[in-house]
Amino acid sequence: MPELPEVETMCRGIQCIAGSRITRVVLLPCTRRPIRLAPHFPMLARRVAGQRVVSVGRLGKRVVLELERGDRLMIEPRMTGLMLLADPPSHEHLRLRLDLASGRVPHVWYWDRRGLGVVQLLSARAFQSWLDRQPLGPDALTISSAELVQRLSPSRRPIKVALLDQRAIAGIGNLYAAEILHRAGVHPAQPCDQLAPRQWDALHAALRQVLREAIRLEGSTLSDGTYRNALSRSGRYQTRHRVYGRAGQRCPTCRKGEIVRMVQAQRSSFFCPVCQPLGRD
DNA sequence: ATTAATGTTCAGAA
DNA sequence: TTTCTGAACATTAA
């Protein structure tokens with residue numbers, strides 16, 4: 001579930017570790033199976049000890065810790081991964097602890113309730129070749145209107161499906177795609193190559209508004225309560241959801257339409273048929 | 001007790 | 001080249 005706003009919140013929350021030296025990496029026991037680590041992690045883990053954290057950054061939906069020797073600790077939270085400064089809420093599943101020699105906090109944790117996330121330690125070269133192999137699109141938070149149109153409009157795919165394609169644009173997941181399309185008044189099934197210029201403008205504006213507001217409110221904590229910020233506090237954007245997870249309810253914007261759930265690319269899409277008519281306006 | 005749903009990425013096929 | 005399908009992951013709600 002962590003999408004751009006949640007991952008951005010994690011990065012901001014642990015920003016204070018930048019400059020700290022990692023004294024050791026501890027993989028704590030978990031109830032079932034270990035988190036999915038790169039196969040060579042145990043060997044490379046020793047490399048981490050003693051290195052200073054140069055920067056904490058976000059790459060799409062991933063957290064990237066840049067270390068002083070150029071190594072990157074790349075964390076992909078997938079469904080239930082979290083970066084925490086506070087102690088993890090339970091002993092279940094993966095806990096990766098980086099002990100810090102300096103700074104205000106002694107440890108930073110990666111905790112993953114279901115263990116679906118991926119943690120990789122990459123050398124500078126491996127990181128570069130990963131970037132070459134896995135070209136992410138421009139970040140959704142900073143993409144320009146022209147770039148959005150240029151990258152998405154040639155496709156015949158439904159706009160909802162294209163928004164989820166990280167090579168086209170990086171950071172958007174299922175939840176925010178639904179909210180963005182609703183705010184823009186665009187039907188999720190509308191083919192990209194059939195959006196009118198004014199719809200692209202609306203989409204670009206909605207993209208910025210929704211993501212910025214979601215970051216301001218520290219992301220969305222759904223009913224399962226898994227997602228938390230670095231200090232273990234819930235996000236608050238879920239109170240602003242207008243369509244996501246609200247099938248059958250009246251649309252809070254127009255108060256006329258009933259939110260519909262449909263399946264696209266094996267994912268749930270939610271939209272209001274009144275606010276989001278199919279077609280060019 | 002079984003099944004479906006959940007979000008994301010990736011391998012492989014059309 | 002582009003687009004689609006299915007698998008994998010762990011857990012829980014139905």
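All heavy atoms count here, side chains included; hydrogens, waters and symmetry mates do not. Labels below follow one simple rule: chain letters A, B, ... track the order of the sequence lines, proteins then strands, and each chain is numbered from 1.
With sequence neighbours excluded, the residues forming a side-chain contact (heavy atoms from CB on, under 4.5 Å) with A/E258 are A/R250, listed by chain and number. Checked against salt bridge (charged side-chain N to carboxylate O under 4.0 Å, His left out), A/E76 has the following partners two or more places apart in sequence or in another chain: A/R62, A/R78.
Contact detail for A/A178 and A/V243: the closest heavy-atom pair is O-CG2, 3.6 Å. Residues A/G137 and A/A170 approach most closely at O-CB, 3.5 Å, considering heavy atoms. When all heavy atoms of A/S20 and A/L100 are compared, the closest pair comes out as CB-CD2, 4.1 Å. Closest heavy-atom contact between A/P77 and A/K61: CD-O, 3.3 Å.
A/V210 places a side-chain heavy atom less than 4.5 Å from the side chain of A/Y176. The shortest side-chain heavy-atom distance between A/D71 and A/V48 does not fall under the 4.5 Å cut-off.
At B/dT6, one or more side-chain N or O atoms of A/S268 fall inside 4.0 Å of OP1 or OP2 (strictly under the cut-off). Dashed line: the shortest gap from a side-chain N or O of A/R261 to OP1 or OP2 of B/dA4 is not under 4.0 Å.
With respect to A/R157 and A/D193, no salt bridge is recorded, no charged nitrogen being found less than 4.0 Å from a carboxylate O. Classification of A/R242 and A/E179 as a salt-bridged pair fails, no side-chain N sitting under 4.0 Å from a carboxylate O.
In this structure, A/I159 places its CD1 atom 12 Å from P of C/dT3, rounding to the nearest Å. Distance CG (A/D165) to P (C/dT2): 11 Å, rounded to an integer number of Å. A/E3 places its CD atom 13 Å from the P atom of B/dT6, with the value rounded to the nearest Å. Spacing between atom NZ of A/K160 and atom P of C/dT3 amounts to 16 Å, rounded to whole angstrom units. Between the CG atom of A/L175 and the C1' atom of B/dT6 there is a distance of 12 Å, rounded to whole Å. For A/Q264 and B/dT6, the CD to P distance is 13 Å, given to the nearest whole Å. Atom CE of A/M79 and atom P of B/dA5 are 14 Å apart (whole Å).
Using a distance-only test at 3.5 Å, with no hydrogens or angles considered, no donor-acceptor pair links the side chain of A/E218 to the main chain of A/I215. Using modelled atom types, one side-chain atom of A/H204 and one backbone atom of A/S145 make a donor-acceptor pair closer than 3.5 Å.
Axis deviation across the helix from B/dT2-C/dA14 to B/dA14-C/dT2 amounts to 50°, comparing end segments of five pairs, rounded to 10 degrees.
Ring orientation note: the planes of A/Y244 and A/H241 are nearly perpendicular, at an angle over 60° on the 30°/60° scale.
DNA chain C is contacted by A/S155 of residues 139-155 of chain A, taking any non-hydrogen atom closer than 4.0 Å.
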Distances under 3.5 Å between nitrogen or oxygen atoms of protein and nucleotides 9-11 of chain B:
{"residue": "B/dC10", "atom": "OP2", "partner": "A/Q134", "partner atom": "OE1", "Å": "3.2"}
{"residue": "B/dC10", "atom": "OP2", "partner": "A/Q134", "partner atom": "NE2", "Å": "3.2"}

Can you pull every protein N or O that's under 3.5 Å from an N or O on nucleotides 4-7 of chain C?
{"residue": "C/dG6", "atom": "N7", "partner": "A/Q266", "partner atom": "NE2", "Å": "3.1"}

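Backbone-only engagement by A/P2 is indicated by non-hydrogen atom pairs under 4.0 Å involving sugar-phosphate atoms exclusively.
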*asked:* Let's go through A/R267 and A/L164 carefully: what are the C-alpha distance in whole Å and the side-chain angles of both, what is the deciding distance for side chain to side chain contact (heavy atoms under 4.5 Å, CB included) to 0.1 Å, and is it a yes or a no?
replied: CA-CA 10 Å; A/R267 320 287 305 280; A/L164 295 181; 3.8 Å; yes
